[in-house]
Colleague: 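First, the structure itself, so that you have it in front of you.
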Amino acid sequence: MNADAAWACEIARDLLAESLPRRWAHTQGVARKARDLAPLLGDQAELLEAAAWLHDIGYSPEIAVTGFHPLDGARYLRDVAGADEVLCRLVAGHSCAIIEARERGLAEVLSSEFPPADACLSRALIYCDMTTTPDGEPVDISERLAEIRARYGPVHVVTRFTRLAEPHLVGAVEHIQTESRLVGLAL
């Protein structure tokens with residue numbers, strides 16, 4: 001079983017760089033943020049970085065099956081890549097995916113295959129994802145949520161999901177920012 005960041009980077013590059021270059025740029029930015037959090041996470045830092053590299057691989061046309069990228073990515077990692085169970089759970093649940101899964105009628109499937117991961121790591125992954133633009137640049141969470149909603153439009157399932165998940169997403173980002181300040185980490 002594997003949760004190594006370099007291994008994860010190679011998988012993400014293979015699945016995203018050519019077919020989805022903007023998603024690849026976002027992924028690289030998310031992984032940079034994860035590396036920045038290393039002092040906060042100690043021995044779990046490598047696992048977070050691996051999850052950051054892999055969180056959006058389910059968008060790859062090569063592995064998309066259900067059209068719900070957290071589930072497709074986690075299944076690929078479990079069934080094809082032989083990834084660590086915790087890593088699969090982080091990818092499956094990233095950025096409040098269970099809320100979007102409910103909107104898509106996939107909540108039972110997602111939660112039965114991939115129970116929730118560690119809350120601290122989950123919050124850290126939310127922070128990394130929700131403070132990175134589609135082009136891999138840092139952004140405030142409110143701007144990120146507005147960009148997602150504008151990209152998908154007012155009636156799309158992803159827009160509905162972001163409205164439902166917003167308190168959880170914002171809370172996770174604020175929690176990581178507070179924890180970082182407490183340990184003297186400048187984000």
Colleague: Looking at CG of L125 and CD of E49, how far apart are the two atoms once the value is rounded to the nearest 0.5 Å?
Modeller: 12.0 Å
Colleague: Is there a donor-acceptor pair closer than 3.5 Å between any side-chain N or O of T131 and the backbone N or O of I141?
Modeller: no
Colleague: Ring centroid separation for H69 and H94, is it under 6.0 angstrom?
Modeller: yes
Colleague: If every non-hydrogen atom of G136 is compared with every non-hydrogen atom of R32, which pair is closest and at what distance?
Modeller: O-NH2, 2.9 Å
Colleague: Can you spot which of W24, Y59, Y76 makes a side-chain contact (heavy atoms from CB on, under 4.5 Å) with L15?
Modeller: Y76
Colleague: Ignoring hydrogens and geometry beyond distance, is a side-chain donor-acceptor pair present between R149 and T162 at under 3.5 Å?
Modeller: yes
Colleague: Charged N to carboxylate O below 4.0 Å: is that the case for R78 and E113?
Modeller: yes
Colleague: Testing the 3.5 Å rule here: is there a donor-acceptor pair between the side chains of T66 and D72?
Modeller: yes
Colleague: Nearest 0.5 angstrom please: I126 CD1 to C96 SG, how far?
Modeller: 4.0 Å
Colleague: Quiz question: by atom type and distance under 3.5 Å, do the side chains of S142 and D140 form a donor-acceptor pair?
Modeller: yes
Colleague: When you check the gap from the basic side-chain N to the acidic O, do R144 and D129 get nearer than 4.0 Å?
Modeller: yes
Colleague: Counting only heavy atoms not in E10 (residues, nucleotides, ligands), do more than 12 fall under 6.0 Å from its CD?
Modeller: yes
Colleague: Are any side-chain N or O atoms of H26 and backbone N or O atoms of D135, one a donor and one an acceptor, separated by less than 3.5 Å?
Modeller: no
Colleague: Against Y127, only a single residue in K33, E179, H175, E174 fulfils side-chain contact (heavy atoms from CB on, under 4.5 Å); can you say which?
Modeller: K33
Colleague: For the residue pair R89 and F114, would you count it as a cation-pi contact if the rule is NZ or CZ under 6.0 angstrom from the ring centre and within 45 degrees of the ring axis?
Modeller: no
